[in-house]
Amino acid sequence: THALATLFDIAAGQPAKSRTVEIVAEVHARRVRLAVRGVESGPHTNESELVALAAFLVEREDGAMRCAASGFVVELPLA
């Protein structure tokens, strides 16, 4: 959950602004795919380090993560 919370925070943009995140979830072959997109995002402090940490945590759980336009796509196995 820490990895997802970090990605939601990054996609939402700077804390001083209005923060909105669009999330689309799909289930395919015992995996859930989350497309996370910031509606009005901007650069986030330490963004590259946070993305690297989130990617490590997602992959540790047999998931996959990639960057997408204005956000991320995360795939995780269903329990």
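Numbering of residues begins at 1 and proceeds along the displayed sequence.
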Check: Ala69 main-chain N/O paired with Arg37 side-chain donor or acceptor under 3.5 Å: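 Judged by distance alone, no pair lies under 3.5 Å.
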
Nearest heavy atoms of Ala11 and Val36, plus distance in Å: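 In this case the closest contact between Ala11 and Val36 is CB-CG1, 3.8 Å.
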
Exercise: identify the closest heavy-atom pair between Leu57 and Ala3: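 Where Leu57 meets Ala3 most closely, the heavy atoms are CB-CB, 3.7 Å.
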
Arg31: partners by salt bridge (charged side-chain N to carboxylate O under 4.0 Å, His left out), with sequence neighbours left out: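 Salt bridge (charged side-chain N to carboxylate O under 4.0 Å, His left out) check on Arg31 returns Glu75.
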
Interatomic spacing from OG1 in Thr6 to CD in Glu49 - rounded to 0.5 Å: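 Going from OG1 on Thr6 over to CD on Glu49, the span is 12.5 Å.
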
Members sharing Val73's hydrophobic cluster (side chains within less than 4.5 Å):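 Direct or chained contacts put Val73 with none.
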
Does [X] reach the side chain of [Y], with side-chain heavy atoms less than 4.5 Å apart?
{"X": "Leu7", "Y": "Val74", "value": "yes"}
{"X": "Phe8", "Y": "Ile23", "value": "yes"}
{"X": "Glu59", "Y": "Met65", "value": "no"}
{"X": "Leu53", "Y": "His2", "value": "yes"}
{"X": "Arg33", "Y": "Leu76", "value": "no"}

Audit row: Ile10, Phe72, side chain to side chain contact (heavy atoms under 4.5 Å, CB included) steps and yes/no: CA-CA 10 Å; Ile10 293 169; Phe72 308 92; 3.9 Å; yes

